[in-house]
Amino acid sequence: MAVASFVLGLVGLLVFNVFLGPAALVLAGLALWHGTRHRNRAYLGFVLGVADLVVFFAVTAADNTVTW
């Protein structure tokens with residue numbers, strides 16, 4: 001789950017960040033909750049999930065539309 005969170009967060013910076021960002025956050029939270037061995041990747045997936053949402057809201061605020 002930690003690696004999946006990292007990958008979804010990374011891909012979410014480029015496309016579908018409104019969907020992949022929250023998915024990365026959920027997977028990172030679940031990975032940390034279950035005590036994964038890859039804690040750093042889970043944290044990085046969490047940070048990338050937040051970054052996905054920040055990018056989404058920044059683009060939405062700058063363009064005043066919800067587009068990708």
Side-chain angles (χ1 to χ4, degrees):
M1 283 187 278
V3 175
S5 171
F6 171 71
V7 170
L8 287 178
L10 196 59
V11 172
L13 287 173
L14 301 174
V15 293
F16 297 122
N17 49 6
V18 71
F19 300 116
L20 297 180
L25 290 173
V26 168
L27 285 176
L30 286 173
L32 291 170
W33 179 267
H34 290 294
T36 183
R37 292 183 337 203
H38 303 286
R39 295 185 69 79
N40 290 334
R41 284 194 191 131
Y43 287 131
L44 190 56
F46 190 82
V47 169
L48 287 172
V50 170
D52 291 346
L53 294 177
V54 167
V55 167
F56 171 72
F57 289 123
V59 169
T60 301
D63 195 18
N64 292 327
T65 62
V66 179
T67 59
W68 286 281

A.B. asks: Only pairs under 3.5 Å count here: list side-chain donor-acceptor contacts from residues 28-40, not counting sequence neighbours, and write none if there are none.
C.D. replies:
unit_1	atom_1	unit_2	atom_2	d
Thr36	OG1	His38	N	3.2
His38	ND1	Arg41	NH1	3.3
Arg39	NH2	Tyr43	OH	3.0

A.B. asks: Considering non-hydrogen atoms only, spot the tightest contact between Phe46 and Leu25 and give its length.
C.D. replies: O-CD2, 3.4 Å
A.B. asks: In the hydrophobic clustering that connects Ile, Leu, Val, Met, Phe, Trp and Tyr at side-chain heavy-atom distances below 4.5 Å, which members other than Val47 occupy its cluster, ordered by chain and number?
C.D. replies: none
A.B. asks: Locate the shortest heavy-atom distance separating Gly9 from Ala24; write the atom from each residue and the value.
C.D. replies: N-CB, 3.7 Å
A.B. asks: Which atom pair, heavy atoms only, marks the closest approach of Ser5 to Gly45?
C.D. replies: OG-CA, 3.3 Å
A.B. asks: Taking the side chain from Asn17 and the backbone from Leu53, do they hold a donor-acceptor pair closer than 3.5 Å?
C.D. replies: no
A.B. asks: Who passes side chain to side chain contact (heavy atoms under 4.5 Å, CB included) against Leu20, sequence neighbours left out?
C.D. replies: Leu8, Val11, Phe16
A.B. asks: How close do Ala4 and Leu27 get, heavy atom to heavy atom, and via which atoms?
C.D. replies: CB-CD1, 3.9 Å
A.B. asks: What heavy-atom pair brings Leu10 and Leu48 nearest, and what distance separates the two atoms?
C.D. replies: N-CD1, 3.8 Å
